[in-house]
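Structure record follows, encoded as structure tokens.
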Amino acid sequence: MKEIITAATAAEEVRDGDTIMIGGFMCCGQPLTIVDALLDCGVKDLTVITNDSGWPDRGFGKLVAAKRVKKLIASHVGLNPEVAKQMFAGTLEVELVPQGTLAERIRCGGAGLGGVLTPTGIGTEVEDGKQKISLDGRDYLLETPLRADFAFISGTVTDRAGNTFIAKSEKNFNTVMATASHRTVVETRTVVERGELDPDKVTVPGVFIKSIVEAGK
């Protein structure tokens, strides 16, 4: 049985300077209650791995606007003007990663692999500083795995063993991030007893989940 904790408790376990992953795509599938709790607890100097920086007044983007993020690793930052403002001011380090490459780097982190070879970025500034490997006459970049101290993911239904169903497009990044952290916390809309969730609907097995937060609590 997994512990059910409040969002405030989940946030208070994060220390200044930690690396966290936040699942979802824009605000779709983001653990919004936990993001608000991170704002409330005052934690700072975070390295955040997430798909995008959202908006300055919604979801994860609020952490950027509040200047709690020291480094952002993401694939899209165009809708949050705070990112460019802080980046050009030299107060926020930004690592832009092509979206598919970002997902694969996280998957590698969860699977214990040493990296992934991809042709994405060859011939562009993306390849600067990276190892290039040639196989069968084609060049690839070696992209290194990503892991985090915490992964905060969003689920639709979770049973008391942590088994989680994630509906539709909310699977974005939540599934791979669940495997790639030291401590994964799922914020879920509904908690059911063990055995009530159809095994065929388990998106993230409970073995990857450390704690459960009920959305809005």
Side-chain angles (χ1 to χ4, degrees), residues 2-25 29-54 59-75 77 83 86 91-97 101-116 143-155 158 162 164 166 171-188 204-215:
K2 307 296 180 179
E3 57 180 347
I4 298 179
I5 61 177
T6 65
T9 298
E12 287 168 359
E13 293 175 345
V14 180
R15 297 290 176 262
D16 292 348
D18 275 352
T19 297
I20 65 173
M21 292 180 177
I22 297 179
F25 190 109
Q30 273 193 4
L32 300 177
T33 308
I34 294 176
V35 169
D36 285 343
L38 288 168
L39 275 169
D40 291 341
C41 77
V43 68
K44 62 182 185 303
D45 296 331
L46 298 171
T47 292
V48 180
I49 302 167
T50 189
N51 176 63
D52 54 81
S53 60
F60 160 69
K62 293 191 288 188
L63 282 172
V64 175
K67 300 182 178 178
R68 306 290 180 78
V69 182
K70 179 179 67 178
K71 180 176 181 179
L72 173 63
I73 301 174
S75 66
V77 298
V83 173
Q86 295 178 30
T91 58
L92 174 64
E93 181 182 353
V94 177
E95 181 179 345
L96 279 174
V97 182
T101 301
L102 179 64
E104 283 300 295
R105 290 180 66 186
I106 296 168
R107 185 186 66 81
C108 285
L113 302 178
V116 59
E143 296 282 0
T144 53
L146 291 171
R147 289 190 58 81
D149 299 299
F150 293 86
F152 296 117
I153 68 170
S154 178
T158 301
T164 297
I166 305 173
K171 295 179 180 67
N172 279 313
F173 285 93
N174 284 306
T175 52
V176 289
M177 287 181 175
T179 69
S181 83
H182 177 70
R183 184 180 179 92
T184 296
V185 180
V186 58
E187 176 182 323
T188 191
V204 176
V207 67
F208 295 114
I209 304 298
K210 186 69 175 180
S211 305
I212 301 167
V213 170
E214 292 186 78

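Just the heavy atoms: all of them, side chains too, but no hydrogens, waters or symmetry mates, feed the values below. Quick caveat: nothing in here was measured; it's all calculated off a predicted structure.
Atom NZ of residue Lys62 and atom CG of residue Leu38 lie 11.0 Å apart, to the nearest 0.5 angstrom. If you take CE on Met21 and CG on Asp149, they are separated by 9.5 Å, rounding to the nearest 0.5 Å. Residue Ile73 holds its CD1 atom at 6.5 Å from OG1 of Thr47, rounded to the nearest 0.5 Å. Interatomic distance, CE of Met177 versus CG of Asn172, reported as 10.0 Å (0.5 Å rounding).
Remark: Lys210 NZ is loosely packed, at most 12 non-hydrogen atoms of other residues, nucleotides or ligands lying under 6.0 Å away.
When side chains are defined from C-beta on, Cys108 does not count as touching Glu143, because their heavy atoms never get closer than 4.5 Å.
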- Checking side-chain contact (heavy atoms from CB on, under 4.5 Å) for the pair Phe208/Val186: CA distance, chi angles, key distance, verdict? CA-CA 10 Å; Phe208 295 114; Val186 58; over 6 Å; no

- What do the steps show when you test Leu92 against Lys67 for side-chain contact (heavy atoms from CB on, under 4.5 Å), and what is the final call? CA-CA 8 Å; Leu92 174 64; Lys67 300 182 178 178; over 6 Å; no

- CA sep, side-chain torsions, deciding dist, call: Ile20, Thr50, side-chain contact (heavy atoms from CB on, under 4.5 Å): CA-CA 9 Å; Ile20 65 173; Thr50 189; over 6 Å; no

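Closest heavy-atom contact between Arg15 and Leu46: O-CD2, 4.0 Å. Residue Gly114 comes nearest to Pro145 through the heavy atom pair O-CD, 3.4 Å, listed as atom of the first residue, atom of the second, then distance. The shortest heavy-atom contact between Val77 and Ala74 is CG1-CB, 4.5 Å. Across every non-hydrogen atom of Lys2 and Ile212, the tightest pair is CB-CD1, 3.9 Å. Nearest heavy atoms, Ile153 versus Ala178: CD1-CB, 3.9 Å.
Between the side chain of Ser75 and the backbone N or O of Asn51, at least one donor-acceptor pair lies under 3.5 Å. Side chain of Asp18 to main chain of Phe150: no donor-acceptor pair is present (N/O by atom type, distance under 3.5 Å, no hydrogens or angles). Side chain of Gln30 to main chain of Phe60: a donor-acceptor pair is present (N/O by atom type, distance under 3.5 Å, no hydrogens or angles). Listed for the Glu95 side chain is no donor-acceptor partner under 3.5 Å among the backbone atoms of Lys71. The backbone N or O of Ser154 sits less than 3.5 Å from a side-chain atom of Asn174, completing a donor-acceptor pair.
Side-chain polar atoms of Thr33 and Glu187 form a donor-acceptor pair below 3.5 angstrom.
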